[in-house]
Amino acid sequence: MTENTTTAERIAEAIGERIISGELLPDAPLRQDHIAREFNSSHVPVREAFRQLQARHLVVAVPRHGVRVAPLNINSVKEIAEMRAALEVVALRNAAPKLTSSHLARIELALIEGDTAQTIQEFEMANRAFHHALVAPCAMPRLLASLDGLQLANSRLVFAMARSSGWRPRSNQDHRLILQALRARNVDQACSLLARHIQTIERLALPSS
């Protein structure tokens with residue numbers, strides 16, 4: 001791995017987190033020279049970082065307008081929810097037969113951390129951990145990589161909704177019901193609950209008609 005590659009990854013990670021948390025707003029311009037100066041790098045790793053962020057759908061290259069933070073629109077919200085609902089259920093169906101007591105304990109720990117979170121940042125970190133723990137045993141690396149990207153996109157929606165309508169600590173009843181179904185080895189019910197749970201973010205994120 002070259003120095004430029006590791007620098008590009010560091011820049012992509014830092015800018016990506018700012019986009020996901022909402023520190024960088026949709027459509028905000030990203031200036032190559034400003035970012036190179038901030039990270040004390042040449043323009044080469046910045047361009048590579050932009051390519052990585054574009055592959056994760058976090059930035060867009062606009063002809064004659066440079067690179068901007070990707071917009072959050074109705075189509076992207078629907079796409080994220082529908083892809084997660086489909087793919088995460090496939091992963092859970094494959095993971096469920098392999099869930100051990102230690103896997104279930106990890107899922108429960110993430111659930112408790114989400115229930116006791118005092119900030120949106122703590123909640124979303126626990127939420128990511130819960131969804132990852134649900135599907136990790138599926139042993140399907142391509143699927144898990146896709147889900148990781150979708151979960152980050154979902155985090156961006158959660159932070160955006162928290163900015164617009166506020167957030168308060170609360171327990172996640174959906175997560176508890178999914179865990180109960182898995183403990184009872186009722187995989188069909190767990191998958192149905194998971195799909196419904198994921199689709200709620202689309203209803204929450206989109207304005208009612």
Single-linkage hydrophobic cluster [X]~[Y], side-chain heavy atoms < 4.5 angstrom:
X      : Y      : result
Val62  : Val69  : no
Ile19  : Met161 : yes
Leu87  : Ile198 : yes
Val60  : Leu53  : no
Leu134 : Leu104 : yes

Using 0.5 Å steps for rounding, measure from the [atom1] atom of [X] to the [atom2] atom of [Y].
X      : Y      : atom1 : atom2 : value
Phe123 : Thr116 : CZ    : OG1   : 11.5 Å
Asn40  : Thr7   : CG    : OG1   : 9.5 Å
Ile15  : Gln52  : CD1   : CD    : 12.0 Å
Asn127 : Glu113 : CG    : CD    : 12.0 Å
Met125 : Ser155 : CE    : OG    : 10.0 Å
Leu179 : Leu193 : CG    : CG    : 11.0 Å

For [X] versus [Y], what's the shortest heavy-atom pair and its separation?
X      : Y      : result
Ala12  : Arg56  : O-NH1, 4.0 Å
Asn94  : Pro97  : O-CD, 3.6 Å
Leu58  : Gly16  : CD1-CA, 4.0 Å
His57  : Ala70  : O-CB, 3.5 Å
Gly114 : Ala126 : N-CB, 3.4 Å
Cys138 : Ala95  : N-CB, 3.6 Å

For the side chain of [X] and the backbone of [Y], is there at least one donor-acceptor N/O pair under 3.5 Å apart?
X      : Y      : result
Asp115 : Asn172 : yes
Arg156 : Ile20  : no
His103 : Thr100 : yes
Ser192 : Asp188 : no

Give every donor-acceptor pair under 3.5 Å between a side-chain atom in residues 28-37 and any protein atom, sequence neighbours left out.
| residue | atom | partner | partner atom | Å |
| --- | --- | --- | --- | --- |
| Arg31 | NE | Asp33 | OD1 | 3.3 |
| Arg31 | NH2 | Asp33 | OD2 | 3.0 |
| Gln32 | OE1 | His43 | ND1 | 2.9 |
| Gln32 | OE1 | Arg47 | NH1 | 3.3 |

In a table with atom names and distances, give each donor-acceptor pair under 3.5 Å that connects a side chain of residues 143-153 to protein atoms at least two apart or in another chain.
| residue | atom | partner | partner atom | Å |
| --- | --- | --- | --- | --- |
| Ser146 | OG | Arg142 | O | 3.2 |
| Gln151 | OE1 | Arg84 | NH2 | 3.2 |

Step by step, work out the salt bridge (charged side-chain N to carboxylate O under 4.0 Å, His left out) result for Glu108 and Arg183. CA-CA 11 Å; Glu108 185 168 23; Arg183 285 198 188 283; 2.8 Å; yes
Does Glu38 come within less than 4.0 Å of Arg18, counting only side-chain N to carboxylate O?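 Judged by the 4.0 Å cut-off on N to carboxylate O distance, Glu38 and Arg18 do form a salt bridge.
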Between Arg51 and Glu48 (salt bridge meaning N to carboxylate O under 4.0 Å), is one present in this structure?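 So Arg51 pairs with Glu48 through a salt bridge.
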